[in-house]
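Everything below concerns the one structure shown next.
Keep in mind that this is a model prediction, so the values were computed, not measured.
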Amino acid sequence: MITVLFFGSLTDVTTVHELQVDAISDTEQLISFLNGKYPALQTAKYFISVNQQMVQEKITIQRDDIVALMPPFSGG
């Protein structure tokens with residue numbers, strides 16, 4: 001199983017903080033799955049991290065990986 005964590009305003013979109021998914025092989029497939037399950041994610045802006053490493057391209061996801069979706073953040 002892959003653990004998907006949602007942070008900030010993304011929890012308003014998904015109504016959950018965490019989701020367990022199976023049979024997902026890469027970040028592109030995960031995003032496609034999540035967009036189908038939560039259509040409002042298609043227009044949401046967010047960053048993706050896999051095992052606490054920010055990713056910007058398609059990468060392979062393995063069993064027991066933790067994927068986090070985080071909205072853009074700002075500091076001051």
Side-chain angles (χ1 to χ4, degrees):
M1 287 291 206
I2 297 163
T3 301
V4 182
L5 305 174
F6 302 95
F7 292 93
S9 60
L10 298 177
T11 60
D12 295 335
V13 172
T14 63
T15 68
V16 297
H17 293 278
E18 183 176 317
L19 180 68
Q20 300 290 319
V21 296
D22 203 10
I24 299 289
S25 61
D26 57 51
T27 51
E28 193 172 277
Q29 186 180 21
L30 176 64
I31 296 308
S32 180
F33 169 79
L34 292 173
N35 285 342
K37 187 169 179 68
Y38 307 107
L41 275 180
Q42 294 177 31
T43 58
K45 300 224 185 287
Y46 55 86
F47 297 101
I48 299 174
S49 75
V50 177
N51 299 325
Q52 300 182 357
Q53 296 293 316
M54 297 295 278
V55 297
Q56 295 182 352
E57 69 282 340
K58 174 181 165 181
I59 66 163
T60 301
I61 302 174
Q62 299 178 8
R63 185 175 185 196
D64 296 327
D65 280 352
I66 298 174
V67 179
L69 276 66
M70 301 165 286
F73 46 90
S74 61

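By the criterion of side-chain heavy atoms lying less than 4.5 angstrom apart, applied directly or through intervening Ile, Leu, Val, Met, Phe, Trp or Tyr residues, Leu5 is grouped together with Phe47 in one hydrophobic cluster. A continuous path of Ile, Leu, Val, Met, Phe, Trp and Tyr side chains, each step under 4.5 Å between heavy atoms, connects Ile31 with Phe6, placing both in one hydrophobic cluster. Residues Ile48 and Ile59 fall within the same hydrophobic cluster, defined by Ile, Leu, Val, Met, Phe, Trp and Tyr side chains chained together at heavy-atom separations under 4.5 Å. Put simply, Met1 and Val50 are part of two different groups of oily side chains (I, L, V, M, F, W, Y) that touch within less than 4.5 Å, one to the next.
No donor-acceptor pair closer than 3.5 Å links the side chain of Asp26 to the backbone N or O of Ile61.
Counting only heavy atoms from C-beta outward, the side chains of Val16 and Tyr38 approach each other to under 4.5 Å. Under the 4.5 Å side-chain criterion, counting only non-hydrogen atoms from C-beta, Tyr46 is not in contact with Val13. The side-chain heavy atoms of Thr14 and Leu69, taken from C-beta on, include no pair separated by under 4.5 Å. By the 4.5 Å heavy-atom criterion applied to side chains, Thr3 and Gln20 are counted as neighbours. No side-chain heavy atom of Thr27 sits less than 4.5 Å from a side-chain heavy atom of Val67.
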Query raised in the report: What do the steps show when you test Leu34 against Leu19 for side-chain contact (heavy atoms from CB on, under 4.5 Å), and what is the final call?
Result: CA-CA 10 Å; Leu34 292 173; Leu19 180 68; 3.8 Å; yes
Report task. Go through the steps for Leu30 and Ile2 under the test side-chain contact (heavy atoms from CB on, under 4.5 Å), then give the verdict. Result -> CA-CA 10 Å; Leu30 176 64; Ile2 297 163; 5.5 Å; no
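Open room surrounds CD on Gln56; 12 or fewer heavy atoms of other groups in view lie less than 6.0 Å from it.
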